[in-house]
Participant: 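Have a look at this one before I ask anything.
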Number of protein chains: 2
Amino acid sequence: MPKPHHHVLVCLNQRPPGNPKGSCGEKGSEALFDRLKAMVKEAGLGDRAIVNRTSCLKHCSRGVTVAVQPDNVWYAQVTAGDLEELCATHLEGGRPVTRLLMPDIPWE
Amino acid sequence: MPKPHHHVLVCLNQRPPGNPKGSCGEKGSEALFDRLKAMVKEAGLGDRAIVNRTSCLKHCSRGVTVAVQPDNVWYAQVTAGDLEELCATHLEGGRPVTRLLMPDIPWE
């Protein structure tokens with residue numbers, strides 16, 4: 001099974017404090033990644049979903065940024081409180097979480 | 001443009017020397033990532049492709065592992081010598097590089 005049903009990518013880029021762009025790392029993306037990875041396993045999705053930490057996903061000011069491939073669905077300002085819905089609706093239900101969708105803005 | 005035309009993911013997981021699985025990191029994936037990122041920029045693809053480093057892509061013994069999303073195309077044993085073809089054929093030409101495709105094997 002080299003091709004995951006869902007490939008979830010969480011930005012863990014960390015910029016120094018005070019950087020005008022901000023970064024997902026300073027918004028707590030490492031803890032969010034750890035929690036999401038655990039939730040995917042607990043939900044029994046570990047045989048068809050991969051959760052990875054990544055370098056900059058280019059939406060620093062809208063972080064924490066999460067992308068779900070191969071759907072090419074991008075989420076903005078994801079918090080720990082959103083993870084349950086993200087798992088249930090998108091990873092289990094196959095439908096994007098509309099309220100979290102990244103707006104159509106340029107990459108940073 | 002929140003949705004890249006190609007989202008290229010390079011595994012940079014590093015295991016300690018002697019680990020039986022091996023790892024992409026010990027096979028030079030960091031230099032490969034740096035080179036690929038530079039090549040994508042040089043080829044003028046930087047406005048539609050994102051190249052990210054990731055945590056473990058679950059094919060340690062077949063590394064360096066590279067995934068190209070949203071195509072969900074997975075590549076095995078990628079070396080620096082493969083990058084030009086990967087850029088020209090897949091990222092510019094839109095066709096997977098058949099000879100590099102990951103076999104249908106379980107995740108590690």
Participant: Hey, could you give me the CG/NE2 distance between Asn72(B) and His5(A), rounded to the nearest 0.5 Å?
Facilitator: 10.0 Å
Participant: Just give me the residue among Ala49(B), Ala76(B), Ala67(B) that pairs up with chain A most often, heavy atom to heavy atom, under 4.5 Å.
Facilitator: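 The option with the most such pairs is Ala49(B).
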Participant: Could you tell me whether Lys27(A) atom NZ has more than 12 heavy atoms of other residues or ligands within 6.0 Å of it?
Facilitator: yes
Participant: Kindly work out whether a path of hydrophobic side-chain contacts (I/L/V/M/F/W/Y, heavy atoms less than 4.5 Å apart) joins Met102(B) to Val10(B).
Facilitator: no
Participant: Answer with side chain, backbone, both or neither: which region of Cys56(A) has an atom nearer than 4.5 Å to a non-hydrogen atom of chain B?
Facilitator: backbone
Participant: Are the side chains of Ile50(B) and Trp107(A) in touch, meaning some heavy atoms are under 4.5 Å apart?
Facilitator: yes
Participant: Looking at Glu84(A), I want to see if its CD is surrounded by more than 12 non-hydrogen atoms of other residues, nucleotides or ligands under 6.0 Å.
Facilitator: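 Open.
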Participant: Is there a path of hydrophobic side-chain contacts, each under 4.5 Å between heavy atoms of I/L/V/M/F/W/Y residues, joining Trp74(A) to Leu86(A)?
Facilitator: no
Participant: Between Val68(A) and Val73(B), is there shared hydrophobic-cluster membership here, with clusters defined by ILVMFWY side-chain heavy atoms closer than 4.5 Å?
Facilitator: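 No, no single cluster joins them.
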Participant: Got Leu12(B) and Ser55(A) here, is their nearest side-chain heavy-atom distance under 4.5 Å?
Facilitator: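 Leu12(B) does not reach Ser55(A) side chain to side chain.
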Participant: Is there a chain of hydrophobic side chains (I, L, V, M, F, W, Y, each step under 4.5 Å between heavy atoms) that links Leu57(A) to Tyr75(A)?
Facilitator: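 Leu57(A) does not cluster with Tyr75(A).
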Participant: Find the one option among Val51(B), Thr54(B), Leu101(B) whose heavy-atom pairs under 4.5 Å with chain A are most numerous.
Facilitator: Thr54(B)
Participant: Heavy-atom pairs under 4.5 Å with chain A are the metric here; pick the option from Asn52(B), Asn13(B), Leu9(B) that has the most.
Facilitator: Asn52(B)
Participant: Return the option, out of Lys58(B), His7(B), Arg62(B), with the maximum number of heavy-atom pairs under 4.5 Å with chain A.
Facilitator: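 The answer is His7(B).
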